[in-house]
A.B. asks: 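Sharing a structure with you now.
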2 protein chains.
Amino acid sequence: MSEPRRHERIADELRRAIADGHYPVGAALPSEAELAAAHDASRGTVRQAVAALLAEGLIGSRQGARRVVLSTTPSQSFTELRSFAQWARAGGRTAGGRVLASSWDVARTEEAGLLQVRHKDPVLRVLRLRTLDSEPVLLERTVYAEWIGSAVAALPEDCESVTQRLYDDTGLVLAHGEHHLDAVAAGTADADHLRLRRGSPLLRVRRTTTTAEGRPVETSDDRYRPGSVVFTVRNSTQTNPLARTRA
Amino acid sequence: MSEPRRHERIADELRRAIADGHYPVGAALPSEAELAAAHDASRGTVRQAVAALLAEGLIGSRQGARRVVLSTTPSQSFTELRSFAQWARAGGRTAGGRVLASSWDVARTEEAGLLQVRHKDPVLRVLRLRTLDSEPVLLERTVYAEWIGSAVAALPEDCESVTQRLYDDTGLVLAHGEHHLDAVAAGTADADHLRLRRGSPLLRVRRTTTTAEGRPVETSDDRYRPGSVVFTVRNSTQTNPLARTRA
DNA sequence: CAGTGGTCTAGACCACTAC
DNA sequence: TAGTGGTCTAGACCACTGT
């Protein structure tokens, strides 16, 4: 239960106080000096704590004025974003999944670039349907690099959390991700598996995931059935997680 | 040209070196001690600089190992995200825009909550079509709080950058935003103005923007024509800008 | 104007990685 | 085991906000 890092303790306490309504939206937080005294910490440690809340979009900060609460609802962590199963559990819903097809193939030009392998190197292609409370909500077309593909191919067909299993089996940690979001019309396969009409709008997320060292693991085309999932981004002039790019 | 903040100078130099290919994807950056010596700065200042690149998703960082380049393409800033005109200009394209309808109305329950005003308080509704190189790409349905609405209503109908004009006229700075992304089918009005068929997939971004103090300014339902714009998010286990939420 | 956050320094100790 | 990044301290000065 104990938290060894002091800045994390302070950040957690502030997050809790905000979530509990001690500081409603628009309210001013205690000054750095006050927080430092209250936690018997140096100013640098306090600043590290509030920087975390700043990055989460929970508070705003301007030179000369006290920090202000912007939102009382915490945003979820990368882990929940990456792992469909974990995110579903956090929301009190049951995640399911099933591999519809899986086969070794050769990397197309674009995939080779994303996975940092050579053109026509072997890759594992997996088509996976994910469900939420037994409703199909997401169709994943994932391409794995050869070095991790054999571990993926060995997983059971109805594996709930691929991320978790890969960590348990191989120690692999997915640390970084790049995501491109847009909308597309459902193709025949999409419509079939997600149980909607061809041409229906789908939210498409094309993503590439890498290890902590920056080594690409997988690249995927994920299509979400509308009405089931919404993506949320918070940003500020001080932080810039999201960007618009040409198609 | 000179940059007064030392940590910004160091960050800029690292960004430039990465963009120029001095450090390709996968390469290790100099150690903190080396950077500190090279820039005649303290370790704390160097850490502040690399923290910025970390938040941008350009580099990865793990205790005990040197920092590693994850991507060589910089992501754009919040300012470019917020201002359609500015973002277009940065990409070498010409932004246009036109107000299709504008009228005072009363706040609906949901809008009142987002704008932090009372139910049925007056609000300004604006329907705006934005173009890129004369092609319609985005239909905005924006609701402004009363206190800023009169300034918005006074703007010319073909105002290129509302954000810029509001800043010039009133000193207003849009500092924070919350964005919800999903896909919807084009309604009759959407199809008409964006010149596509009813039912076509659209990327919908519902957003609320606030001042630096956290005061809500506007809330908007933006619908992007597919194929014209893609949204990009980078994240890490160390940073968490994006979250998936239930619809 | 006093108070606040932004920047910067020069140390220290520890946990972890890579060799 | 040497080097690296993560944490923390105790100061300092400055730019800016609010009154």
Side-chain angles (χ1 to χ4, degrees), chain A residues 2-12 14 23 26-55 58-70 171-173 175-176 211-215 236-239, chain B residues 2-12 14 23 26-55 58-70 171-173 175-176 211-215 236-239:
Chain A
S2 91
E3 180 61 71
R5 275 114 70 221
R6 283 151 79 67
H7 70 90
E8 273 293 354
R9 280 196 63 84
I10 300 173
D12 282 348
L14 285 173
Y23 301 105
L29 254 46
S31 74
E32 292 179 0
E34 286 166 357
L35 287 171
H39 292 86
D40 190 34
S42 77
R43 210 186 137 203
T45 304
V46 169
R47 284 182 64 79
Q48 206 173 343
V50 295
L53 304 216
L54 197 67
L58 275 180
I59 63 174
S61 186
R62 307 141 60 208
Q63 190 172 77
R66 286 212 177 183
R67 292 183 177 88
V68 156
V69 176
L70 294 173
L172 176 74
V173 176
H176 307 284
T211 65
E213 301 86 31
R215 188 177 190 191
S236 298
T237 42
Q238 289 128 14
T239 61
Chain B
S2 92
E3 179 63 68
R5 275 115 71 222
R6 284 153 77 70
H7 69 90
E8 273 294 355
R9 278 196 66 83
I10 300 173
D12 282 348
L14 285 172
Y23 301 104
L29 254 48
S31 73
E32 292 178 1
E34 287 166 358
L35 288 171
H39 292 86
D40 191 33
S42 77
R43 210 187 138 204
T45 304
V46 170
R47 284 182 63 79
Q48 206 174 342
V50 295
L53 305 215
L54 197 65
L58 274 180
I59 62 174
S61 186
R62 307 143 58 209
Q63 190 172 75
R66 287 210 176 183
R67 292 185 177 85
V68 156
V69 176
L70 294 173
L172 177 74
V173 176
H176 308 284
T211 65
E213 302 86 30
R215 188 177 192 191
S236 297
T237 43
Q238 290 128 14
T239 62

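Convention: sequence-line order gives letters A, B, ...; per-chain numbering from 1.
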A.B. asks: Separation of B:Asp40 atom CG from C:dA10 atom P, in whole Å?
C.D. replies: 8 Å

A.B. asks: Atom CG of A:Leu29 and atom P of C:dG5: how far apart are they, to the nearest Å?
C.D. replies: 9 Å

A.B. asks: Contact class for A:Arg67 (heavy atom, under 4.0 Å): base, sugar-phosphate, or nothing?
C.D. replies: sugar-phosphate

A.B. asks: Ignoring backbone atoms, establish whether B:Ser61 has a side-chain N or O less than 4.0 Å from OP1 or OP2 of D:dG6.
C.D. replies: yes

A.B. asks: Considering heavy-atom distances to DNA chain C, does B:Arg43 or B:Val46 have its closest nucleotide positioned more toward the 5' end?
C.D. replies: B:Val46

A.B. asks: Tell me which of B:Glu34 and A:Ala41 sits closer to the 5' end of DNA chain D, going by the nucleotide each one is nearest to.
C.D. replies: B:Glu34

A.B. asks: State, with a plain yes or no, whether a side-chain heavy atom of A:Leu29 is found less than 4.5 Å away from one of A:Val69.
C.D. replies: yes

A.B. asks: Would you say D:dG11 has OP1 or OP2 under 4.0 Å from some side-chain N or O of A:Ser42?
C.D. replies: no

A.B. asks: Taking only side-chain nitrogens and oxygens of A:Thr45, does any of them come within less than 4.0 Å of OP1 or OP2 of D:dT7?
C.D. replies: no

A.B. asks: Distance check needed: C:dG6 C1' versus A:Ile59 CD1, whole Å only.
C.D. replies: 14 Å

A.B. asks: A:Arg47 CZ to C:dT4 P: how many Å, rounded?
C.D. replies: 14 Å

A.B. asks: Round to the nearest Å and state the distance from A:Arg5 atom CZ to C:dC16 atom P.
C.D. replies: 10 Å

A.B. asks: Is a donor on one side and an acceptor on the other found under 3.5 Å between the side chain of B:Arg6 and the backbone of B:Asp40?
C.D. replies: yes

A.B. asks: Starting the side chain at C-beta, find the nucleotide from D:dG5, D:dC8, C:dA18 nearest to B:Glu32.
C.D. replies: D:dG5

A.B. asks: Determine: side-chain N/O of A:Arg6 to OP1/OP2 of D:dT9, distance under 4.0 Å, yes or no.
C.D. replies: yes

A.B. asks: Can you measure A:Arg66 atom CZ to D:dT19 atom P for me and round it to whole angstrom units?
C.D. replies: 12 Å

A.B. asks: Looking at B:Arg62 and A:Ala212, what are the two nearest heavy atoms and their distance?
C.D. replies: CD-CB, 3.5 Å

A.B. asks: Would you say a side-chain N or O of B:Arg62 is under 4.0 Å from OP1 or OP2 of C:dA18?
C.D. replies: yes

A.B. asks: In whole angstrom, give the distance that lies between atom CD of B:Glu8 and atom C1' of C:dC8.
C.D. replies: 14 Å

A.B. asks: What does B:Ala33 touch in the nucleic acid at a heavy-atom separation under 4.0 angstrom: a base, only the sugar-phosphate, or nothing?
C.D. replies: nothing

A.B. asks: Whole angstrom is fine here: how far is it from CD in B:Gln48 over to C1' in D:dG6?
C.D. replies: 16 Å

A.B. asks: So B:Leu35 and B:Leu14, do their side chains get closer than 4.5 Å, heavy atoms only?
C.D. replies: yes

A.B. asks: Show, in sequence, the C-alpha distance, side-chain angles and deciding distance for A:Thr45 and A:His7, and conclude whether the side chain to side chain donor-acceptor pair (under 3.5 Å) test is met.
C.D. replies: CA-CA 5 Å; A:Thr45 304; A:His7 70 90; over 6 Å; no

A.B. asks: For C:dT17, does either OP1 or OP2 sit under 4.0 Å from a side-chain N or O belonging to B:Gln63?
C.D. replies: no

